[in-house]
Number of protein chains: 2
Amino acid sequence: MPRAGLSPEVVVAEAARLVDEVGPGRLTLAAVAQRFGVALPSLYKHVGGLEDLHGRLALVAARDLGTALRRAATGKAGADATAAVAAAYRSYALEHPGRYGYMLRPRSGDEEHTRASGEILEVLGGVLAGYGIEDPGTVVDAIRFLRSALHGFVELEISGGFAMDRPVDKSFKAAVRVLDLALRSWSA
Amino acid sequence: MPRAGLSPEVVVAEAARLVDEVGPGRLTLAAVAQRFGVALPSLYKHVGGLEDLHGRLALVAARDLGTALRRAATGKAGADATAAVAAAYRSYALEHPGRYGYMLRPRSGDEEHTRASGEILEVLGGVLAGYGIEDPGTVVDAIRFLRSALHGFVELEISGGFAMDRPVDKSFKAAVRVLDLALRSWSA
DNA sequence: CCAAAAAGCTAATGGAATTAGCCAAGGGTG
DNA sequence: CACCCTTGGCTAATTCCATTAGCTTTTTGG
């Protein structure tokens with residue numbers, strides 16, 4: 001029997017692809033194994049089980065989203081930065097709805113996930129810097145608000161929560177506009 | 001064997017209580033049956049299965065949240081209404097994190113859920129009316145923005161996404177303040 | 001009082017996760 | 001080159017859950 005060439009990274013990457021297709025909550029080790037043409041228990045040589053796999057997906061999502069946001073934000077400031085980061089956030093979530101759904105459910109005590117999340121927050125903090133928001137408490141409030149709006153929007157969009165007869169793109173544009181507005185006048 | 005006095009409503013209510021305790025994704029028919037001291041298959045006399053139960057929880061959540069918001073909004077306008085509705089939204093989600101997690105995952109084609117969601121949107125629309133937002137497209141945009149911010153905030157809070165050293169209450173107050181600000185200047 | 005619907009039950013099936021333990025592949029060392 | 005031992009696959013067995021089928025008892029309405 002030739003070997004399948006698995007590794008934790010390969011397994012997680014395939015699981016991520018799979019979950020983006022079938023949706024979060026429908027990820028099974030059985031389906032992952034099938035994709036590799038491998039028996040289910042073989043996966044346990046690379047990941048610790050289903051829970052562990054979920055946690056690894058959370059890490060992948062947080063990391064990839066963080067780098068996407070970082071890329072989008074570089075060289076921009078103010079409204080430009082807000083728009084670019086928001087668009088990147090939405091794009092990532094829409095293109096990877098499965099893994100995105102796991103992002104907020106890391107393995108408890110996952111150091112790396114904490115770091116990856118910190119990267120996301122740092123990018124958002126960088127956006128805020130362009131608005132002259134300085135006071136530490138205020139920065140946290142603004143980051144939380146920005147993240148809430150972005151997360152809420154994409155999750156509602158992914159789950160089909162925007163059923164009214166109006167292009168979601170337009171609503172997103174409007175949301176970005178008003179986010180910029182809110183940030184500009186935050187200190188006031 | 002005496003009867004357990006089950007009914008669809010009773011089963012769903014108990015499942016809702018259970019899922020608020022154990023968290024969404026950890027709801028099993030086995031656990032529900034155990035709560036009633038009943039064999040698992042007995043539940044199938046009242047609900048159509050696990051998927052069906054999920055959908056019913058989604059309906060309960062949408063309905064209850066809708067009435068909570070409606071109550072909070074009555075007799076208020078402008079910033080008061082925004083604050084009251086936002087607080088009610090957050091309270092409901094924090095007190096019922098399990099069922100809240102199912103709210104956006106109705107059985108496909110569930111008429112009643114659509115109606116219940118419509119009630120929520122109507123309340124939010126009522127809040128917007130107090131800000132003089134009139135243009136239909138704009139109203140939809142604003143409703144979506146408001147809902148995104150609220151949903152995103154409570155979901156991040158529930159999932160432990162607010163780890164930074166700052167009381168979440170303060171951040172929520174700030175979010176409500178800036179939401180009011182955004183709505184006031186939406187037309188501008 | 002009886003019949004039939006409703007509400008429980010047990011039994012059987014199937015799928016998924018997990019654990020244990022076996023065996024071959026293949027890489028490094030003598 | 002041969003050997004060993006780590007690694008990565010396998011099968012088998014267990015457990016848990018969901019689901020379906022079919023039986024029995026309760027309840028209720030005529």
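Just so it is clear: chains get the letters A, B, ... in the order the sequence lines come, proteins before strands, and each one is counted from 1.
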Please list all pairs passing the ring pair (Phe, Tyr, Trp, His ring centres under 6.0 Å) test where one or both residues lie in residues 3-24 of chain A, with sequence neighbours left out.
-> none
How long is the line joining [atom1] of [X] and [atom2] of [N], in whole Å?
{"X": "B:Y44", "N": "D:dG22", "atom1": "OH", "atom2": "C1'", "result": "16 Å"}
{"X": "A:L43", "N": "C:dA16", "atom1": "CG", "atom2": "C1'", "result": "12 Å"}
{"X": "B:L50", "N": "D:dT20", "atom1": "CG", "atom2": "P", "result": "12 Å"}
{"X": "B:L29", "N": "C:dG8", "atom1": "CG", "atom2": "C1'", "result": "16 Å"}
{"X": "B:L40", "N": "D:dT19", "atom1": "CG", "atom2": "C1'", "result": "9 Å"}
{"X": "B:L53", "N": "D:dA18", "atom1": "CG", "atom2": "P", "result": "10 Å"}
{"X": "B:R26", "N": "D:dC16", "atom1": "CZ", "atom2": "P", "result": "17 Å"}

Return the nearest nucleotide to the side chain of [X]; candidates are [options].
{"X": "A:L6", "options": "D:dA18, D:dG9, C:dT18", "result": "D:dG9"}
{"X": "A:A30", "options": "D:dT19, C:dG8, C:dA16", "result": "C:dA16"}
{"X": "B:T28", "options": "D:dA12, D:dT19, D:dC17", "result": "D:dC17"}
{"X": "A:V38", "options": "C:dA17, D:dA18, D:dC10", "result": "D:dC10"}

Lys/Arg N to Asp/Glu carboxylate O, A:K173 vs A:D169, below 4.0 Å | no
Whichever of A:K45 and B:G49 has its nearest DNA chain D nucleotide further upstream toward 5' | A:K45
Close aromatic pair by centroid cut-off 6.0 Å: B:F153 and B:F172 | yes
When all nucleic acid strands are considered with a 4.0 Å heavy-atom cut-off, which category describes B:G5: base, sugar-phosphate, or nothing?
-> sugar-phosphate
Would you mind classifying the nucleic acid contact of B:S42 as base, sugar-phosphate or nothing, using non-hydrogen atoms under 4.0 angstrom?
-> base
Going by the angle between their ring planes, with limits at 30° and 60°, are A:H54 and A:Y102 parallel, tilted or perpendicular?
-> parallel
Side-chain donor/acceptor contact of B:R3 with base of D:dT27 under 3.5 Å = no
Does a nitrogen or oxygen in the side chain of B:H46 sit under 4.0 Å from OP1 or OP2 of C:dG8?
-> yes
Indicate, with yes or no, if B:L27 and B:L29 share a hydrophobic cluster defined by side-chain heavy-atom contacts under 4.5 Å among Ile, Leu, Val, Met, Phe, Trp and Tyr.
-> yes
